[in-house]
Number of protein chains: 2
Amino acid sequence: MRTRGEVMQSKILAVLKHADSALSAYDILEALRDEFPKIAPPTVYRGLAALTEKGSVHRVESLNSFVACTNHNHDHASIMSICDDCGSVEENEAPKIFDDLSGLLGKTGFDAHRHVIEVHGVCAACGDQDNAS
Amino acid sequence: MRTRGEVMQSKILAVLKHADSALSAYDILEALRDEFPKIAPPTVYRGLAALTEKGSVHRVESLNSFVACTNHNHDHASIMSICDDCGSVEENEAPKIFDDLSGLLGKTGFDAHRHVIEVHGVCAACGDQDNAS
DNA sequence: ACGCTTGCGTTATGTTATAACGAAATATAC
DNA sequence: GTATATTTCGTTATAACATAACGCAAGCGT
Ligand SMILES: [Zn+2]
Ligand SMILES: [Zn+2]
Ligand SMILES: [Zn+2]
Ligand SMILES: [Zn+2]
């Protein structure tokens, strides 16, 4: 049974792509409830796990939530900038920072496998708004 | 009323300092249950919030858990290296990386307030062990 | 067709975190 | 010193996030 799972994954991805901020698994669940009235958490979490594995979706650790990837050409992790005002999450590329980090930790004998870099603050749009008011 | 809260905070901090890995709020709760049989989650969470505010404790976002600060002289955030094998969490200093990050995001108009940098991997001790075996 | 493997939906439960309220401690006013 | 306002904290209850375990059904080799 291949198709059923892929259908669910594409539905989940579509929900995330149409969102303007990170969504929790339960936000996604609610969004899919119309079409799949009996949907349950493991269905969503399994879809998210598969999508995360593929790199189509990223988990935002500091929000316990998920975003669709907006930059499909990255071989390394992204830097997430998270606006605490409007909730927007942007992916930023910065290979150099990952190199620096690996270098720094390598000196201590630490072998890095997965990087979590999430910066909270205020995005350009919200900053402008605050200035204007 | 100052003392009552500070007693609980120091107990929580002591538990974290004696742990060899990050602890969840509920791990701490269990550890304090002997001395405070009726302790409840909000008591632990309030203590942790106060300690985090002071900088004595850091939350590890990607583990939903907490560690005692091991480097009391930092004005900026730390880089946490987390061993997925033994669970150890180390604080690493790297002001330059924070400067680079702020610089990078500043160019996009993002105003950074709080940095989360957590690197998962295998620590030196666990790496050696794996090699030996 | 038969038995094997794999993936998925479902039920149930485990784990993490906070809202809300009332009692107790502290401070301020008189 | 008593009354009143303010803050802090314990407690109960519940919300939010996540996974274990089971069983069915699809796909596959024989
Ligand atoms: Zn991406
Ligand atoms: Zn914003
Ligand atoms: Zn520290
Ligand atoms: Zn280790």
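Every chain is numbered from 1, with letters handed out A, B, ... down the list of sequences. The structure displayed is predicted, hence computed values, not measured ones.
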Task: Rounded distance in Å - CG (A:N64) to C1' (C:dA17) - done: 10 Å

- [ ] Send over the distance from A:R46 CZ to C:dT6 P, rounded to a whole Å.
- [x] 16 Å

Task: Residue pair B:E61 / A:S62, side-chain donor-acceptor N/O under 3.5 Å - done: no

Open item on the list: Just the rounded figure in Å: distance from P of D:dC24 to NZ of A:K38.
Closed with: 17 Å

TODO: Give a yes or no on whether a donor-acceptor pair under 3.5 Å exists between the nucleobase atoms of C:dA17, that is its base, and the side chain of B:Y26.
DONE: yes

Open item on the list: Ignoring hydrogens and geometry beyond distance, is a side-chain donor-acceptor pair present between A:S24 and A:D27 at under 3.5 Å?
Closed with: yes

Open item on the list: Measuring centre to centre across the rings, with the benzene-like ring taken for any Trp, is A:F98 within less than 6.0 Å of A:H115?
Closed with: yes

Task: Distance, rounded to the nearest Å, where A:L32 contributes CG and C:dC8 contributes P - done: 16 Å

Open item on the list: Strictly below 4.0 Å: does B:S24 bring a side-chain N or O up to OP1 or OP2 of C:dT16?
Closed with: yes

TODO: On DNA chain C, check which nucleotide each of A:P42 and B:A25 is closest to and give me the residue with the more 5' one.
DONE: A:P42

- [ ] Please report, rounded to the nearest Å, how far the C1' atom of D:dT19 is from the CG atom of A:L29.
- [x] 15 Å

Open item on the list: The side chain of A:A40 is closest to which nucleotide in this list: C:dG9, C:dT11, C:dA17?
Closed with: C:dT11

Task: Pairwise distance CG(B:L101) to CD1(A:I79) - rounded to 0.5 angstrom - done: 5.0 Å

TODO: Would you please test B:E118 and B:R59 for salt bridge (Lys or Arg N to Asp or Glu O under 4.0 Å) and show each step?
DONE: CA-CA 11 Å; B:E118 300 176 2; B:R59 177 178 163 82; over 6 Å; no

TODO: Compare side-chain N and O positions of B:Y45 against OP1 and OP2 of C:dT18 and report whether any pair is under 4.0 Å apart.
DONE: no

- [ ] Report the nucleotide, chosen from C:dT16, D:dC17, C:dT10, that has the shortest atom-to-atom distance to any side-chain atom of A:T43.
- [x] C:dT10

TODO: Could you tell me the separation between the CD atom of B:Q9 and the C1' atom of D:dG10, rounded to a whole number of Å?
DONE: 15 Å

Task: Any A:R59 side-chain nitrogen or oxygen under 4.0 Å from OP1 or OP2 of D:dA18 - done: yes

Open item on the list: Can you measure B:L48 atom CG to C:dA17 atom C1' for me and round it to whole angstrom units?
Closed with: 11 Å

- [ ] Please state how far atom CZ in B:F66 lies from atom C1' in C:dT15, giving the value in whole angstrom units.
- [x] 13 Å

